[in-house]
Amino acid sequence: MKEKNYPLYEVQPFSSIKEMIELAVRDAGDTIAYKFKDGDDLREVTFKEFADSVTKLGSFLRANELSDKHIACIGANSYNWILAYITALRSSGVFVPVDKELPEADIIHVLTDSEASVVFYDAKYEEILRSHEEELSNIRLFIGFTRDEDDGKYISFSNAIISGAAYDPNLFLSETSKSDELKLLVYTSGTTGSSKGVMLSEHNLVSSVYYGLMVSTVYDTGLSLLPYHHTYEAVSDILVSFHHHSTLCINESLTATLKNLVFYKPSYIYVVPAIAESIYKRIIRNIRKRGMEEQFNEMVEKSNALRAQGIDKRREYFGFIHETFGGKLRKIVCGGAPIRPEVAKFFDDIGLDLINGYGITECSPLVCANHDMYNDFRTVGIKLPCIEWRINEPNEEGIGEICVKGDIVMIGYYKQPELTAEVIKDGWFYTGDYGYINENEQLIISGRKKNIIVLNNGKNVYPEEIEGYIQDIDYVNEVVVSGEKDEDGNESSLTAEVFLDESARKTPAEVLKSIKKACVELPIYKQISKVVIRDSEFPKTSSNKIKRFISDTKNSVSEKYNEYKESKEPKEQKEKDKKEKKERKKESKKSKKSAENPSEA
């Protein structure tokens, strides 16, 4: 293991978004802040040009007595979204990002509950907004990103900026906010279906950026991939990149990611584990398809032997992979959930730093991250210098609820003091996540408190741990482990519900066999005894996390392959599996459909 206690990075101190913008103009005014595609053209905006646009848009809001109000925004990732966002943070008002994937009723709920007075929006949402104007009576202006003309309360974004240029800029520039008051109001899209308004102050945001950069830095060019309404992207990528004076390139859609990696040639990207897993599996599949698996493994072995002698040839040996990322990618920051060590090791083997971190919206969102020169991908890293942390009521393994205190902890939940009191006690925020801190002061995540399975033998099972092993099976795309109740209603065993790669033709019995092999290191009480195969992906939040406990499995599980629970008569089952496999090889597509009828199977 590498020597610990590496020095922290030096970061330019700042105390407000106002100062952050001023420093960027002063120290990097002519540097490109943003690159993005505008039709067939590539647009580049410097920090000075961006700051000028912030002033114009802010002056428009000020002139309409909206700059001190709650300012909502809903839409796809775009330069205009970022401009609205940073303008609102620079104003004396509050920014309310709205999840663009929410159902119509939830969009209206967020806009009303947040008490928004103005909303920036993409064209696709105008019909929804117009149809609910009566409920949205508090909203005085609707500013459309792609609108060409004004229509009553529905204003063109470009016209707002043009109009703002006519006002005295000093009026807006003189606006300030109290650092400990509400600045960013984020409605969480929880994996259990609940949604709360998290209140973050300007001091929270500044602390997350400043202390986060001390632990893990960024480089000259980033490509933003994740939804902007998410705090992880909005703070840890957009604001971090801005304060580091990096160029942030805007990925217009997830489908354009591979193309834009080559086009923009970023040196760093922020992802969630689902994206890292997808990239990892795609590369492995391509290596196998080319018949290069043995050669690749030999190159990894040779490369690692050279690294042990202080010689790094990874970018030379694996240049064919690096080219798919544009050739300049150095760092992948992964947050939102723990990443499997096998995936992180793969990226390390080929010469890409995958830096795993841990955060939660209520902590602005970053709690800890791996230091770039001390990256242990089995952990989520070391804590930010501005916080304290502890493990509440640890068990015999040292695992307990992770509690955090310090500059990044939220003010509370919006208009929900009782709920706030449940999670913040004596300044400590109880995260609801379980884990432990190792001897190197690094955090290891075990799982969510709400996800813990308590078996009838008294053992606690963290499903995320087992899911990590199962995800190492190349044909398993998604998995959720849950407790299986016996006839007395007690959870006595474990079930794995899986969604397989479209090319996989497996019975549940075959999947269970693969799972047994993948989980061979785990104790008996953590072994899977039943498999359910889904026909479709699990429902997910907009940050690509699987929603647990709320899906109706029956509507998404194949009737033919439905489920398989371990038999007490393995020989009989083995013969049955063999017969099934032989029959499937003979089936045509037509017979397959008929076989999905349980009465015929």
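All values below were derived from every heavy atom in this structure, side-chain atoms included, with hydrogens, water molecules and symmetry-related copies excluded. Nothing here was measured: the structure is a model prediction, and the numbers come from that model.
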Inset, instruction - Please determine, by modelled atom types, if Ser493 and Tyr525 share a side-chain donor-acceptor pair under 3.5 angstrom. - result: no
Inset, instruction - Would you kindly say whether His244 and Ser246 are connected by a side-chain donor-acceptor distance under 3.5 Å? - result: yes
Legend entry - Side chains of Ser514 and Tyr475, donor plus acceptor under 3.5 Å: yes
Legend entry - Option from Phe50, Tyr219, Phe47 for which ring pair (Phe, Tyr, Trp, His ring centres under 6.0 Å) with His245 holds: Phe47
Inset, instruction - Using a strict cut-off of less than 4.0 Å between a Lys/Arg side-chain nitrogen and an Asp/Glu carboxylate oxygen, indicate whether Asp353 and Arg330 qualify as a salt bridge. - result: no
Legend entry - Member of Leu306, Ile350, Val300 meeting the side-chain contact (heavy atoms from CB on, under 4.5 Å) criterion with Tyr317: Leu306
Inset, instruction - Taking atom types as modelled, find out whether Lys183 and Asn204 have a side-chain donor-acceptor pair closer than 3.5 angstrom. - result: no
Legend entry - Donor-acceptor under 3.5 Å (Lys516 side chain, Ile528 main chain): yes
Legend entry - Distance-only donor-acceptor check, side chains Asn477 and Glu277, under 3.5 Å: no
Inset, instruction - Would you please say whether a donor-acceptor pair under 3.5 Å links the side chains of Glu464 and Asn451? - result: yes
Inset, instruction - Inspect the surroundings of NZ in Lys513 and state if more than 12 heavy atoms from other residues, nucleotides or ligands are less than 6.0 Å away. - result: no
Inset, instruction - In plain terms, say whether Lys345 and Glu342 are close enough for a salt bridge, that is, a side-chain N and a carboxylate O under 4.0 Å apart. - result: no
Legend entry - Check: Lys35 main-chain N/O paired with Arg43 side-chain donor or acceptor under 3.5 Å: no
Legend entry - Option from Lys506, Arg282, Arg285, Lys281 for which salt bridge (Lys or Arg N to Asp or Glu O under 4.0 Å) with Asp501 holds: Arg285
Inset, instruction - Could you verify whether a donor N or O on one side chain and an acceptor N or O on the other, from Asp349 and Asn304, lie under 3.5 Å apart? - result: yes
